[in-house]
Amino acid sequence: MKKGKNVFDSKTWEKKLQEFWVNEKIFAFDFKSHKKIFSIDTPPPTVSGWMHVGHALSYTHKDLIARYKRMAGFNVLYPWGFDDNGLPTQKYVENKIGKKASDYDRDEFIEKCLKETRDIEEKLMRIWISTGISPDFDIQYRTIDERARRISQKSFIDLVDMKRAYRTTAPILWCPECRTAVAQVELEDKEKGTFFYDVTFELEKGRKQFTISTTRPEFLPACVAVFYHPDDKRYKSFKHERAVVPLFDLTVPVLEDKRVDMEKGSGIVMCCTFGDSMDIEWWKAYSLAYRDLLTEDGKMSHLAKRYAGKTIKEAREMIVKDLKKEKKITGERKIKHTVNVHERCGHDIEFVIKKQWFIKYLDLKDKFLELGNKVKWYPKYMKNRYVNWIKGLQWDWCISRQIPYGIPFPVWYCKRCDHIILANQKQLPIDPLKDNPPIQECPKCHYTEFIPEKDIINTWATSSLTPDIVRDIISKKNKGLSRKLIPFSLRPQAHDIIPFWAFNTIVKSWFHHKKIPWNDIMISGWGLDPKGKKMSKSKGNGIPPKEVIEKFSADALRFWAASVRSGEDVWFSEKEFIAAQKLITKMWNAFSFLKLHLKGNIKKPKKLEEFDKYMLLKTDKLVADCTKAFDEYDYGKVKLDAENFFWHVFCDNFLEILKSRLYGKDAAARDSARYVLYTCFLKVLKIFAPILSHITEAIYQEYFKSIEKKKSIHISDWPKANKIKDKTLEKKGDKFLEILTKVRQEKAKKNKSVKTEIRLTLPKEDKKLLKEMLEDLKSVTQAKEIKEGKLSINLL
RNA sequence: GGGCCUGUGGUCUAGUGGUUAUGACGCCACCCUUACAAGGUGGAGGUCGCUGGUUCAAUCCCAGCCAGGCCCACCA
């Protein structure tokens, strides 16, 4: 073989193999197999823009497991899906076409959304495939497709029947920018600078003045009460009085409540509908009046009188100015405080009262905690996030959203009495704006006109049904099989959506099946950009996978993904990609060496050389370790162990030691070497297959396939670790390597080539121990002879 | 305020209640050795965040503290 560069051509090979996998349906779920099923509740990526390597990271984690399980003998159900309905997708479309939903009529806009999502999904699909993932693309869904709409609407109707879904007027979190209700989980914290104003109020009787500190003076027109702490001596005398709100001439009750913080501001606080969640608590507790201050787009209502129609910001500025004019502001301090903003648009969240659909579940907190305990969490501590979230829940789940693009509620209301009319289950999916209700007249008041629901069902209420959607696909081909899929084997997902997706899926699974949705949950971290910030579509700091794949390779991307411990975030750094490329080159070169020596039949020889037995033993140890690690979803350990073993044990030592026999004349000794070379390399290759999926497949296709007969390494059998009975074997081999290291040290110290010949003297017991390995030791150390005595290495 | 995670050579990282603490990148010296110079061999470099405790023995277990990150709550 000629000296020179021998690099694995990732570009050509990866593309070729990816096509091969898809065309040959290597990863197809087998509907007829009797093998045990391993089912994965794959996260359908949200269609809201281009993906980045952070996405590829967590999808590769799932893929590592899928590929391992397939080789480990499971019939792997690894579906694919897109989450392409609701606000995130609508926002993407609005940005793409440069127009708002309100610029179109509803149907036209929905058409636009459907077209745009189809377009980008097709392109995204190609990128996903280029990362080397291995789902069965014939088992695929979209959360906007007919199946998902049917299942989501059915879930909703079932929940109404169970008295779990209910419609009510209640304070909800409202985004004035998106003009829709949002859920608690969609909030983000943002620190903002603002002013703390000391506003002068007075008591109705006696005109006694007092100060209330507030950050939101624009809420004065919605003030419904003021509160002080019952132990606060300063305000004891205010009991049963009424206060006058400045500028607006409202009078409101003065009330005592121990939730007031005496230390904050002046110790007396106004309650408005609704400045914050505390206001809601008081409003409920004391059945206070409701003053509807904000319109849907976040402007002041008629209650604000001459400030009506102004935005919150404008109204605040004007009211402050006017208060100052009347000398009603006695102090103002600049402060920083955290406010809730909508994670999708960053706009401040307000509270308003509206009719919305809710799912009642606060009474089931204990149940959900119990279900969380039944699921096995990897890593374990991630369960805390689930527990923490449930403990902090204080709202029922608001599932209605006031946007056009999504799954409609299958509901009409009687125009006269507001009676709820549900669609017939057999009709589903339906759109109440287009379809007629299943009855002619209202069963309650016999009126014959109905109002269709315009709201849509929030995305999470649909995506929490992914196991049901996949089961539905399966049941179309094999009804019995789908029943075996409760629960699924594994839910893989990232940690940021534990309160959304993991939790909601458990909730729905309990309501509909009274079971946990999956046995295991594996949590992935985020990809962080080189500065340590989370890569995100909206921040635009995501690195596109294409960049990495073109510069390095898909295998390098997978290697990077496998270098993280489950659940931990990982910084993007090129170091790991460079290391991966080096490993790939090393593997390809080792393969060239193998090809030279493994021509012709490979048979297990009658007698194995002693060192070769040791090689098998060490390789099997690696197999055992990696199998255990993979079974615990610890791909990071597999990657680490396999890399170390392959490079430093297999290549640096084993291959060097085998060389003399491979090039030598003794046929029996050579056959023994050839056999272990073949066996060990194939085992190592298989261990790497889930991680470096392309190069291992390329090597398999080029050489091993013709002998092993499986179509692809990815459906070949996972290696087995044989038990070796000989207890001294490991000791012998370890001693061998220890002596080899000493010889190398000696040569390096003297600045000599490793080819330098030596005279080796070994202590009696070592020489005896290595009795059967002396020939190998001689050749690898270039020893002319091995004598007995005090350990010494003489360079010749 | 509550909870969780992390802290190991310059950088990234493995790991264990018990000899000299793993590997990579970088650094230094040497070596063209018939798979590979994108290689090989060897080397320098660490009080394993700090302070106590448990123990014959702690980087590892416990407590407190410090630093970084995350989740939740509060946010008049």
Side-chain angles (χ1 to χ4, degrees), chain A residues 1-7 184-185 187 189 191-192 194 196-197 199 212-217 219 223 226-227 259-261 264-272 275-279 282 335-340 379 381-394 495-496 498-499 525-526 528 532 534 563-565 567-571 573-576 578-579 581-597 636-637 639-641 643-644 647-648 651-652 655-656 659 662-663 740-741 743-756 780 782:
Chain A
M1 183 152 219
K2 263 194 185 166
K3 216 173 157 63
K5 279 188 183 171
N6 176 34
V7 177
Q184 188 180 343
V185 77
L187 305 183
D189 283 353
E191 195 173 71
K192 286 195 171 177
T194 187
F196 210 25
Y197 297 102
V199 181
I212 285 182
S213 301
T214 178
T215 53
R216 305 205 66 178
F219 266 86
C223 181
V226 301
F227 285 91
R259 280 168 284 197
V260 175
D261 182 352
K264 212 161 207 168
S266 59
I268 192 160
V269 53
M270 66 174 183
C271 168
C272 310
D276 61 51
S277 59
M278 195 60 238
D279 288 345
W282 277 322
I335 58 157
K336 274 198 172 159
H337 72 165
T338 353
V339 292
N340 282 322
Y381 66 83
M382 281 296 176
K383 191 174 79 185
N384 294 327
R385 300 212 183 184
Y386 175 84
V387 170
N388 213 5
W389 171 255
I390 291 175
K391 288 188 173 160
L393 263 184
Q394 40 183 333
H495 57 61
D496 53 335
I498 290 172
W526 293 329
L528 306 179
K534 180 189 173 185
S563 70
V564 219
R565 280 313 179 83
E568 279 181 25
D569 297 341
V570 57
W571 289 44
S573 89
E574 291 210 341
K575 253 167 71 173
E576 201 67 33
I578 294 165
Q581 281 313 110
K582 283 169 79 170
L583 177 65
I584 289 164
T585 304
K586 185 80 179 172
M587 197 177 266
W588 193 241
N589 277 304
F591 173 54
S592 309
F593 176 72
L594 253 84
K595 274 194 295 190
L596 280 179
H597 297 286
K637 185 171 163 53
K639 177 247 169 195
L640 212 70
D641 287 359
E643 187 189 10
N644 261 326
W647 202 305
H648 300 299
C651 290
D652 291 349
L655 292 188
E656 293 305 323
K659 266 180 189 169
L662 287 168
Y663 287 107
L740 175 56
T741 302
V743 172
R744 284 167 172 170
Q745 270 170 345
E746 195 58 31
K747 290 178 181 176
K749 224 186 276 172
K750 303 263 163 67
N751 291 349
K752 294 288 185 188
S753 149
V754 287
K755 291 284 274 185
T756 313
V780 76
Q782 303 290 329

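Lettering follows sequence order; numbering is per chain, from 1. The figures here come from the full heavy-atom set of this structure, side chains too, leaving out hydrogens, waters and symmetry mates.
Rounded to whole Å, the distance from CG on A/D496 to P on B/C72 is 10 Å. Between A/W526 atom CH2 and B/C5 atom P the separation is 17 Å, expressed in whole Å. The CD atom of A/E643 sits 12 Å away from the P atom of B/G23 (whole-angstrom rounding). Taking atom CD on A/Q394 and atom P on B/A73, their separation rounds to 7 Å, with Å as the unit. Computed from coordinates, the A/Y381 OH to B/C71 P distance equals 13 Å when rounded to whole Å. Rounded to an integer number of Å, the gap from CG of A/L740 to C1' of B/G40 is 12 Å. Between A/L583 atom CG and B/G39 atom P there is a gap of 11 Å when expressed in whole angstrom units. Whole-Å rounding puts the A/K752 NZ to B/C31 P distance at 9 Å.
Using a 4.0 Å heavy-atom distance criterion, A/T585 is classed as a base contact. Residue contacts shown for A/C271 are absent, as no nucleic acid heavy atom lies under 4.0 Å away. Residue-level contact check: A/V387 touches neither bases nor backbone, having no heavy atom under 4.0 Å from any strand. Using a 4.0 Å heavy-atom cutoff across all strands shown, A/K637 reaches no nucleic acid atom at all. When heavy atoms are screened at a 4.0 angstrom cut-off, A/H495 is found touching no nucleic acid atom at all. Residue A/L655 is in base contact, counting any heavy-atom pair closer than 4.0 Å across all strands shown. In this structure, A/N388 reaches the bases: a heavy-atom distance under 4.0 Å links it to at least one base atom across the strands shown. The residue A/F196 sits close only to the backbone: its heavy atoms come under 4.0 Å of sugar-phosphate atoms, none of a base. Across all strands, A/M278 comes closer than 4.0 Å only to sugar-phosphate atoms, never to a base (heavy-atom distances). When heavy atoms are screened at a 4.0 angstrom cut-off, A/D652 is found touching the sugar-phosphate backbone but no base atom. The residue A/E656 sits close to a base: some heavy atom pair falls under 4.0 Å. Contact annotation for A/S277: backbone-only contact, meaning every heavy-atom pair under 4.0 Å involves sugar-phosphate atoms and none involves a base.
With C1' as the reference atom, B/U22 and B/A29 are 24 Å apart, rounded to whole Å. B/U11 and B/G2: their P atoms are spaced 33 Å apart (whole Å). Separation of the P atoms belonging to B/U33 and B/G40 is 15 Å when rounded to the nearest angstrom. Straight-line distance between the C1' atoms of B/C70 and B/C28: roughly 41 Å, to the nearest whole Å. On the P atoms, B/U51 is 25 Å away from B/C4, given to the nearest whole Å. The C1' atoms of B/U20 and B/C12 are separated by 24 Å, rounded to the nearest whole Å. Taking atom P on both B/C25 and B/C5, the two are 32 Å apart, rounded to the nearest angstrom. With C1' as the reference atom, B/G10 and B/U55 are 36 Å apart, rounded to whole Å.
Under the Watson-Crick or G-U wobble criterion, with both distances below 3.5 Å, B/C70 is paired with B/G3. B/G9 is unpaired under the Watson-Crick or G-U wobble criterion, no partner having all donor-acceptor distances under 3.5 Å. With a 3.5 Å ceiling on both atom-pair distances, B/U20 lacks any Watson-Crick or G-U wobble partner. Pairing partner, B/C50: B/G64, with both Watson-Crick or wobble hydrogen-bond distances short of 3.5 Å. With both pairing distances under 3.5 Å, B/U41 is matched to B/A29 as a Watson-Crick or G-U wobble pair.
Remark on RNA chain B: of its neighbouring residues A/K659 and A/N644, the 5'-side contact belongs to A/N644, judged by nearest-heavy-atom nucleotide.
Residues forming a side chain to side chain donor-acceptor pair (under 3.5 Å) with A/K192 (at least two apart in sequence, or on another chain): A/D348. Residues forming a salt bridge (Lys or Arg N to Asp or Glu O under 4.0 Å) with A/K586 (at least two apart in sequence, or on another chain): none. Taking A/K391 as the reference, nothing meets the side chain to side chain donor-acceptor pair (under 3.5 Å) condition, with sequence neighbours excluded. For A/F219, there are no ring pair (Phe, Tyr, Trp, His ring centres under 6.0 Å) partners two or more places apart in sequence or in a different chain. Under the side chain to side chain donor-acceptor pair (under 3.5 Å) criterion, A/N384 pairs with no residue, sequence neighbours left out. With sequence neighbours left out, A/N340 forms a side chain to side chain donor-acceptor pair (under 3.5 Å) with no residue at all. For the salt bridge (Lys or Arg N to Asp or Glu O under 4.0 Å) test, no residue two or more places apart in sequence or in another chain qualifies with A/K575.
Taking the six-membered ring for Trp and thresholds of 30 and 60 degrees, A/H495 and A/W526 have ring planes inclined between 30 and 60 degrees apart.
Closest approach to the A/N589 side chain among B/C36, B/A29, B/C75 is made by B/C36 (side chain taken as heavy atoms from C-beta onward). The nucleotide whose nearest atom lies closest to any side-chain atom of A/H648 is, among B/A38, B/G23, B/A73, B/G23. Listed nucleotides B/G23, B/U33, B/C70 differ in distance to A/V754; the shortest reach to its side chain belongs to B/U33. Closest to the side chain of A/R744, from the set B/G42, B/C70, B/U33, is B/G42.
A heavy-atom distance below 4.5 Å is not found between the side chains of A/Y197 and A/I212.
The phosphate of B/C36 has neither OP1 nor OP2 within less than 4.0 Å of any side-chain N or O from A/W647. OP1 or OP2 of B/G40 sits under 4.0 Å from a side-chain N or O of A/K586. Remark: A/T741 is not in phosphate contact with B/U41, judged by side-chain N or O atoms under 4.0 Å from OP1 or OP2. At the phosphate of B/C25, neither OP1 nor OP2 sits under 4.0 Å from any side-chain N or O atom of A/Q581. The phosphate of B/G39 (OP1 or OP2) has a side-chain N or O of A/K582 nearer than 4.0 angstrom.
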Any N/O pairs under 3.5 Å between the protein and nucleotides 43-46 of chain B? List them or say none.
from, atom 1, to, atom 2, distance (Å)
B/G43, OP1, A/Q745, NE2, 3.0

Output a table of nitrogen or oxygen pairs between the protein and nucleotides 12-14 of chain B separated by less than 3.5 Å.
from, atom 1, to, atom 2, distance (Å)
B/A14, O3', A/R565, NH2, 3.3

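A/K264 forms no cation-pi arrangement with A/F196, by the criterion of a distance under 6.0 Å to the ring centre and an angle within 45° of the ring axis.
A salt bridge does not link A/D276 to A/R216: none of the charged nitrogens lies less than 4.0 Å from a carboxylate oxygen.
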Q: Would you sort out whether A/R744 and A/E656 count as a salt bridge (Lys or Arg N to Asp or Glu O under 4.0 Å), showing the intermediate values?
A: CA-CA 13 Å; A/R744 284 167 172 170; A/E656 293 305 323; over 6 Å; no
Q) Between A/W647 and A/K582, is a side-chain contact (heavy atoms from CB on, under 4.5 Å) present by the stated rule, with each step listed? A) CA-CA 11 Å; A/W647 202 305; A/K582 283 169 79 170; 4.2 Å; yes
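Between A/W588 and A/F591, the ring centre distance stays below 6.0 Å.
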